[in-house]
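None of these values were measured; they are calculated from a predicted model.
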Amino acid sequence: MTLKSEIVDLSGKLLHSSPELSLKDRVEIFNLLSVLAASIVEFKHPALNVQLVRTNTLEDNDYNPNVVSPPEYRLLTHSIREDGITMPLVVAKSQGQKPYVVVDGYHRAQIIKFDKEVNKSLADHIPVVILAKPLDKRISSSVRHNMARGSHQVKLTAKLILRLKELNWTNDEIGKELGMDSDEVLRMQQITGLAEAFKNDDFSTAWD
């Protein structure tokens, strides 16, 4: 029997025995199989290794710049009820009281946690991909995800840039990490609080 045939045979046995397994066991098997599948193709992209974690293992970040209006939130809730979760949340390992912190997907996490219909459909679990990143890299990841969708809030994004400055990031690092040119970062100085943070800085011409 070939390795491929063995895998198909084992999959069949797992499916046949799944009703006898507890939910906890099935979730653990799913997570193990996801890790295995990702290792087989060897493509280093987080989306290829989705994990199911309990909702109470996630903590909210305190820096997410993406704010949605009540109508948009209701539409997102309706979309999830009708179509399900079509994208996993992005999380990182946390040094806080809970194992994971949300990097992207805050509003989806809130809906999964507190909408009874959605929560029940996932048995109080959330599909996530896990990034291995420290705080400053998590902040920049959150900004990039939101800016790529065109949904970032300018003032809150400016506050995040200020946080990166407080973490001793240089102007070059901020620009390159967030995909902003020197003019865009300079314009952020005009937002309250940033002009003071940048007053003694010179911008490199390396971005030109």
Side-chain angles (χ1 to χ4, degrees), residues 23-24 27-28 30-32 34-35 38-39 44-69 72-73 76-77 79-80 84-116 118-170 173-174 176-180 188 193-194 197:
L23 174 63
K24 182 175 182 293
V27 168
E28 288 180 354
F30 172 89
N31 288 340
L32 288 171
S34 185
V35 171
S39 66
K44 305 302 181 183
H45 290 273
L48 299 178
N49 182 10
V50 177
Q51 297 287 292
L52 288 172
V53 301
R54 295 296 299 267
T55 58
N56 62 7
T57 63
L58 292 185
E59 64 180 0
D60 304 331
N61 67 55
D62 60 356
Y63 52 77
N64 181 29
N66 185 12
V67 178
V68 301
S69 65
E72 289 174 323
Y73 190 84
L76 179 60
T77 301
S79 174
I80 291 174
I85 294 293
T86 57
M87 290 189 300
L89 278 70
V90 182
V91 305
K93 292 186 177 179
S94 172
Q95 300 299 317
Q97 295 182 338
K98 297 183 178 182
Y100 306 105
V101 60
V102 176
V103 173
D104 183 68
Y106 167 80
H107 299 101
R108 278 173 286 150
Q110 296 302 299
I111 292 168
I112 295 171
K113 287 180 181 180
F114 301 114
D115 185 274
K116 291 182 179 179
V118 175
N119 183 276
K120 183 179 179 180
S121 71
L122 285 163
D124 202 33
H125 288 79
I126 295 183
V128 304
V129 295
I130 303 169
L131 303 181
K133 289 192 171 186
L135 174 61
D136 55 345
K137 295 291 187 179
R138 295 202 305 265
I139 290 175
S140 60
S141 291
S142 291
V143 178
R144 281 197 302 272
H145 277 83
N146 288 323
M147 291 179 73
R149 287 195 299 266
S151 58
H152 70 295
Q153 306 292 312
V154 174
K155 288 186 177 181
L156 290 174
T157 300
K159 289 181 180 179
L160 288 183
I161 293 177
L162 183 57
R163 288 281 297 274
L164 294 176
K165 289 293 292 183
E166 292 170 350
L167 292 168
N168 298 316
W169 278 44
T170 68
E173 289 170 335
I174 290 172
K176 290 175 181 177
E177 189 74 12
L178 301 185
M180 302 169 71
M188 286 294 180
L194 286 184

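- Counting all heavy atoms, side chain and backbone alike, K98 lies closest to T57 at CB-O, 3.5 Å.
- Panel note: side chain T77, backbone Y73; a donor-acceptor pair is recorded below 3.5 Å.
- Residues I80 and I85 are in side-chain contact: their nearest non-hydrogen atoms beyond the backbone lie under 4.5 Å apart.
- The structure places CG of L164 at 10.5 Å from OG1 of T170, a figure rounded to the nearest 0.5 Å.
- Between the CD1 atom of I112 and the CG atom of L122 there is a distance of 5.5 Å, given to the nearest 0.5 Å.
- Between the side chain of N119 and the main chain of F114, no donor-acceptor pair closer than 3.5 Å is present.
- Y106 pairs in a side chain to side chain contact (heavy atoms under 4.5 Å, CB included) with only one of the listed residues (D60, L89, I111), which is D60.
- Residues V50 and S34 come closest through the heavy atom pair O-OG, 2.8 Å.
- Contact record, N49 with V129: O-CG1, 4.0 Å, taken as the closest heavy-atom pair.
- No side-chain heavy atom of D104 sits less than 4.5 Å from a side-chain heavy atom of S141.
- Residues L23 and H125 come closest through the heavy atom pair CD2-CE1, 4.0 Å.
- Side-chain atoms of N31 never come within 3.5 Å of backbone atoms of Q51 as a donor-acceptor pair (strictly under, hydrogens ignored).
- Once rounded to the nearest 0.5 Å, the distance linking OH of Y100 with CD of E59 reads 12.0 Å.
- Atoms NZ and CG, from K113 and D124 in turn, are 10.0 Å apart once rounded to the nearest 0.5 Å.
- With R108 contributing its side chain and P88 its backbone, the two residues share a donor-acceptor pair below 3.5 Å.
- Using a 4.5 Å heavy-atom cutoff, the side chains of L52 and I126 are not in contact.
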